[in-house]
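Report on the following structure.
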Number of protein chains: 2
Amino acid sequence: MPIELSASQALTLWHDVSLQQVRVGQHDLTLRQISILLHIYLMPPPHTVRGLAETLGVTKPVITRALDTMGELQLVSRSRDDKDRRNVIIKRTLEGALYLEKLGDLIIDQGRKLSI
Amino acid sequence: MPIELSASQALTLWHDVSLQQVRVGQHDLTLRQISILLHIYLMPPPHTVRGLAETLGVTKPVITRALDTMGELQLVSRSRDDKDRRNVIIKRTLEGALYLEKLGDLIIDQGRKLSI
DNA sequence: AAGGATCGTTACGGAAGCGTTTCTTTTTGT
DNA sequence: ACAAAAAGAAACGCTTCCGTAACGATCCTT
């Protein structure tokens, strides 16, 4: 069943969640980094640098750098593809799953508070 | 009436909207800038630098810089408060309203596509 | 086996963001 | 009237991101 949002509700939801994200500011990811992270966790694997670059419409170094950053934060991990050792397979981590779980809860909570 | 979202729906919504934002990438605002913009347009005025800094939990120069950037993009405008000329009042613009209207439509569209 | 294509990374110069500190203008309190 | 306080901006050094271009490593084709 689809979610029916009014314009006001849509923007209020975005506002409230963004504000909370800024206020707690635990990791301070950019919009691109969040997109990458969500894509890795929501879309079926395997995920490669090239594939992510195409999906997001950005250059490959952008993906490499984002993975560097999020790798240090333990939100994702990388390993060579044994089938084709040119490829790098991006994998999920426990830390990343927990981070997104918290984000999901935040969105749900803010959505619950919405009234017309 | 509150919006009831499942965890999967919540993250999918965030994913889809973030992805579209990155892909079109017309303005490339940071999460903080988006928060400020939404706050200005959704919360009752007046809005000051100090007030925004407190709301977001950041320092005042962060707000000043964000307003510089978004001012150049015509998304907001600033003017001195005549009542207390130390204050700067942040105002909405047509361009900013259009930008957020598009964002609202995007969220609504993606929400509509969501299924359990 | 060799040349070319593909994949991810690194290097580079530049742009933009950050927090702290300093400064100017304006208001407030005595 | 004058010192202290407050608001916002500017200056500073630092970090991080950006896109382009160049680079090794690996695969594919012949």
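Proteins come first, then strands; the chains are lettered A, B, ... in the order of their sequence lines, and each starts at number 1.
In this structure, W14(A) and W14(B) have parallel ring planes: the angle between them is below the 30° cut-off, well short of the 60° mark.
Here dC17(D) presents its C1' atom at 14 Å from CG of L67(A), a figure rounded to the nearest Å. We find that CG of L31(A) is positioned 15 Å from C1' of dG17(C), with the value rounded to whole Å. Computed from coordinates, the I36(A) CD1 to dC18(D) C1' distance equals 13 Å when rounded to whole Å. As rounded to whole Å, 9 Å separates atom P of dC17(D) from atom CG of D68(A). Protein atom CD of Q33(B) is 7 Å distant from nucleotide atom P of dC18(C), rounded to whole Å. Counting to the nearest Å, the P atom of dC18(D) and the CG atom of L29(B) are 14 Å from each other. Atoms CD1 (I63(A)) and P (dC18(D)) sit 9 Å apart, rounded to a whole Å. In this structure, E72(B) atom CD and dG17(C) atom P are separated by 9 Å, rounded to whole Å.
Taking each heavy atom of S35(B) and V22(A) in turn, the nearest pair found is OG-CG2, 3.5 Å.
Position along DNA chain D of the nearest nucleotide to T30(A) versus T64(B) favours T64(B) as the more 5'-ward residue.
Close to dG8(D), at under 4.0 Å from its OP1 or OP2, lies a side-chain N or O of N87(B).
Salt bridge status for R86(B) with D84(B): present, with a side-chain N to carboxylate O gap under 4.0 Å.
Checked by atom type and distance alone, the side chain of R92(B) pairs as donor or acceptor with a backbone atom of I40(B) at under 3.5 Å.
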remark   = Quick tally for nucleotides 19-30 of chain C: nucleotides whose base has a protein heavy atom under 4.0 Å get B, sugar-phosphate-only ones S, the rest -, giving BBB----BS---
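The side-chain hydrogen bond (donor to acceptor under 3.5 Å, both in side chains) contacts involving residues 95-108 of chain A comprise nothing, where partners must be two or more places apart or lie in separate chains.
Taken together through direct or relayed side-chain contacts under 4.5 Å among Ile, Leu, Val, Met, Phe, Trp and Tyr, Y41(A) and M43(A) form parts of separate hydrophobic clusters.
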